[in-house]
Each structure stands twice: as C-alpha cells, then as structure tokens.
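Order of listing sets the numbers, starting from 1, for every ligand and every atom in it.
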Amino acid sequence: MNTNANYDVVIIGSGPAGSLCGIECRKKGLSVLCIEKDEFPRFHIGESLTGNAGQIITDLGLYDKMEEAEFPNKLGVNVIGSLSKNEFFIPILAKTWQVRRSSFDKMLKEKALEHGVEYQTGMVTDVLRDGEKVVGATYKTAAGSQNVNSKVLVDASGQTTFLSRKGVAGKRKVEFFSQQIASFAHFENVERDLPPFSTNTTILYSKQYHWSWIIPISPTTDSLGVVIPKDLYYKECNSPEAAIEWGMNNISPELKRRFKNAEQVEASQSMADFSYRIEPFVGDGWLCIGDSHRFLDPIFSYGVSFGMKEGIRSAEAIATSIQTGDWKTPFYAFRDWSNKGQQIAADLIRYFWIYPIFFGYQMQNPDLRDEVIRLLGGCCFDCEGWKAPSIFSNAIKEYDRKQMET
Ligand code: FAD
C-alpha cells in the first residue's frame, strides 16, 4: 500500500519563484508542500529589484513590512560608462526596493505560510515516476528519506537546476553571457550619492563584460559586485578578493573613490556558469520556474522579478492541468509565454553589451524611451504590440547574421 503523503503541488525550493508559485496555487485552492534544503534566513545573491518586482511585493501586502525592514527605496539605476561619467539614468516607475535576500526570502516564505503552503526542511534527492509521468519526489531530512506524491512537481531550485540534473528536464546549455565570473561582498561606509539618489543602483562598466554593481541593501550596507570574463579571472585574479581588487583598480576610478573608506563586512564569494537555459522545461507532471530553467545575466536585475512572475503564471497552468487532466495545453502555453519574455530580455541585454552608446541614445529617443524604461522595469512579458522589442530583436538578428558571414 502507498502510504506517502499526497499533495496537488510539491515545490522544490523556497526562493522567490517557489514562494510565489506556492501562494498562487493556494489561492486556487490547491494543496502545496514546499521542500527547502536550507534553514532561513540564508545568504543569497540578487539584491536589486525591478519596478515589476516591487508591484508584486505590494500586491502581496508586504509594503509595510518592506518599509519596517528598512530596505532602501530604489528610484532608479545610474549607469556610468568607461569614461567614468554618467551616461544615463534609468528611472523606476513603480515603488521598489533593494533587499538583503536573507531577510527578503524569509519574508516571502512567511507570506506563503500565511496562505497555507506547508513547509518541510529537507533536500530533494530524487523524483518518483509512473512510466514517463513524474508523480512525486524523494527528500532527505535529519530523520531519513521520505517520499511524497504530487499531481505536479515544480522545480524552483534555482541554479541547482534539479530536474535537469535528474535528466527529467533538458540539459543545461550555456547562454551568451556564460563566459563571466561574478565576485561580490558586502561593505559599510561606502560613499553614496546625496539623497534621494543615495539608495539607487549604480552600474559601472569599462568595456564589454567588464562591469560592477553597487547596491545599497540597508541604511548602512552596500553590496559590491565585480563581473569579468572567465579567462581574465583565472589569469589575473583567481580568488573573489583579487577579482574585487582588480575591479577597484580597472573598472572605473569612480568605484575606487566610493570605496576609499569602506570596510568589508561579509566574506567575498565568486560565482561562475550562471548563464544558461534548459529545454524542455515542462513535461507530464512537472515544470521548472525561475533560475531552475533559465538565467540570463545580472546586469538589469531581472532574476527575482522573472522568478516571481513565472511563479505566478505557472500556478495558472498547474491549476488548469489538474482541473482538466490535460497537461500539454497549459504547460506549453506557460513555456511559450516564458520563452517570449526571456527572449525580449536577452535581446535587450545583448543590445546593451554590443551597442552601449546606442543603448544610451535609445534611452533618450522620445519614440522609444517610455517602452525601454518599462522593459528595464521588468515588463518583458507584458509588452504585446510594443515597438521597442522588435527594434532590439532586429538589430541583434542583423548583428548575428553579420557575425555568421565573417
Ligand atoms: P533561488 O532564489 O536560487 O531559490 C532556490 C531555492 O531552492 C534555494 O533556497 C535553495 O536552497 C533551494 N534548493 C535548491 N536545491 C534544492 C533541493 N535539492 N532540495 C530543496 N531545496 C533546494 N536578480 C535580481 O533580481 N537582482 C539582482 O541584483 C541580481 N543580481 C544577481 C547577481 C548575480 C551574480 C547572479 C548570478 C544572479 C543575480 N540575480 C539578481 C538573479 C537572482 O539571484 C535569481 O534570479 C533569483 O534568486 C532566482 O530565484 P529562484 O526562486 O528561481 O531561485
């Protein structure tokens, strides 16, 4: 006799994607178990939120909690180019924040608990199958291994890409932005701009794929990231500390100026191979959301908002599949919606890196400015009929065609 616990939905991972999927599934009356390997709060990178993410957070009813947590207000992004002068400012149209992910992810998890998502601390180690269909998962806790049955198993395991590693989803393929390594740490006493601009994101770049972020994540703490090509990292740095030092000396004098009196308050870390995509990422009894199937590049801070959006949109597909018994129609619709939005974001990021000066011009072009600002605010999934996405996409296609010819 099968004595496993039964849930409509089992979610692997309690990051932004998993929490939002859980909340939305509960709103649709589904039973949900979320299995998370780490005790919260835990460190996570991904600290600057788009306007779209801010709107989702406000819609969740978390506005007051975000203010109580003293997460800095993000009014925009200041992009400083190779000559160390301000090239352009990207305003944010909706209220949003910079976050310390340990507290932010815990807040989302608590919201999911309020909605009736059940939680289990444990490491998911395997999937249960009935023929080709995925019907549950095995997870390990201090007490041993357990099985749980699901109608839909959701992979929200982030860069672990669990279902890909288990051979359920497709293999991880590197994306355009894969040949970079990011090194990051938290600092106090960083020189900030004057209020109200003091809590904005600053992006500094020297040339293609040589860039840095400064994100104020609390009233006194700033996150610093240095992103450089892999070959440069291994040739000249080989540790997160050395990469940060390299960035201070080479990316922009402005970076050095701002960190002159700064003290590091967290160990530095490096991350490689963070840019990839996985196909297929939906199937009979399972689907992947957020970083578990795709991550592009951190430059425009899309990760958390895309994860949350996919969490919300996937719940619609899950509920329909459970109600109708047909997984293909709703899951393929989710897949196509995701691929379209991610492609628009990928084209925008590639355009920025290939034509940074033109990108600045497009920001000023009265015909496109509003759309570009909204795309940078995370609207890549909600821009049906806009002009800007096809302008960027055509420019990238032309660039790729010319590259093929040479
Ligand atoms: P995650 O947040 O990674 O959550 C996955 C969860 O699954 C984790 O809690 C993990 O412990 C759990 N898990 C994994 N495997 C298992 C298992 N087997 N069993 C149980 N639990 C498991 N995004 C932004 O929005 N703004 C930024 O400024 C930004 N900066 C970034 C900088 C860098 C260098 C990188 C690489 C990314 C950055 N991102 C940023 C992206 C952002 O970090 C991610 O896109 C976002 O966290 C994805 O959310 P998620 O819920 O899909 O996955």
Got the closest protein heavy atom to [atom], with its distance?
atom: atom 52 (O) of ligand 1; answer: D291 N, 3.0 Å
atom: atom 22 (C) of ligand 1; answer: K37 CG, 3.8 Å
atom: atom 40 (C) of ligand 1; answer: G46 CA, 3.3 Å
atom: atom 7 (O) of ligand 1; answer: G13 CA, 3.2 Å
atom: atom 41 (C) of ligand 1; answer: F295 CE1, 3.3 Å

Pairwise distance [atom1]([X]) to [atom2]([Y]) - rounded to 0.5 angstrom:
X: H44; Y: D38; atom1: NE2; atom2: CG; value: 9.0 Å
X: E175; Y: L296; atom1: CD; atom2: CG; value: 5.5 Å
X: C380; Y: K340; atom1: SG; atom2: NZ; value: 12.0 Å

[X] to ligand 1: N or O pair under 3.5 Å?
X: V124; answer: yes
X: H44; answer: yes
X: F184; answer: no
X: P16; answer: yes
X: D105; answer: no

For this session: Would you indicate whether F89, at its atom CZ, is surrounded by more than 12 heavy atoms from other residues, nucleotides or ligands within a distance under 6.0 Å?
Result: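 For F89, atom CZ is crowded (more than 12 foreign heavy atoms under 6.0 Å).
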Please could you name the atoms of ligand 1 that [X] approaches to less than 4.0 Å, counting only its heavy atoms?
X: R42; answer: 8 (C), 9 (O)
X: G290; answer: 52 (O)
X: T160; answer: 14 (C), 15 (N)
X: D38; answer: 11 (O)
X: A182; answer: 34 (C)
X: S48; answer: 24 (C), 25 (O), 26 (N), 27 (C), 28 (O)

Would you say [X] touches ligand 1, if touching means a heavy atom closer than 4.0 Å?
X: R101; value: yes
X: G307; value: no
X: F306; value: no
X: A53; value: no

Please state whether the rings of [X] and [Y] are parallel, tilted or perpendicular, taking 30° and 60° as the class boundaries.
X: F295; Y: F274; result: perpendicular
X: F334; Y: H293; result: perpendicular
X: W211; Y: W213; result: tilted

For this session: Kindly state whether the ring of F162 and the ring of F281 have centres lying under 6.0 angstrom apart.
Result: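 No.
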Would you mind writing out the side-chain donor-acceptor pairs for residues 62-69 within the sub-3.5 Å range, not counting sequence neighbours?
| unit_1 | atom_1 | unit_2 | atom_2 | d |
| --- | --- | --- | --- | --- |
| E67 | OE2 | K95 | NZ | 3.2 |
| E67 | OE2 | W97 | NE1 | 2.7 |

Just list the side-chain donor-acceptor pairs under 3.5 Å for residues 123-140, sequence neighbours left out, or say none.
| unit_1 | atom_1 | unit_2 | atom_2 | d |
| --- | --- | --- | --- | --- |
| T125 | OG1 | T138 | O | 3.3 |
| K133 | NZ | D284 | OD1 | 3.4 |
| T138 | OG1 | N147 | OD1 | 2.8 |

For this session: Evaluate the criterion side-chain contact (heavy atoms from CB on, under 4.5 Å) for residue pair Y332 and W327; output intermediate values, then yes/no.
Result: CA-CA 8 Å; Y332 288 169; W327 66 269; 3.7 Å; yes
Exercise. Run the side-chain contact (heavy atoms from CB on, under 4.5 Å) check on L20 and L60 step by step: do they pass?
Worked result: CA-CA 9 Å; L20 266 291; L60 282 173; 4.2 Å; yes
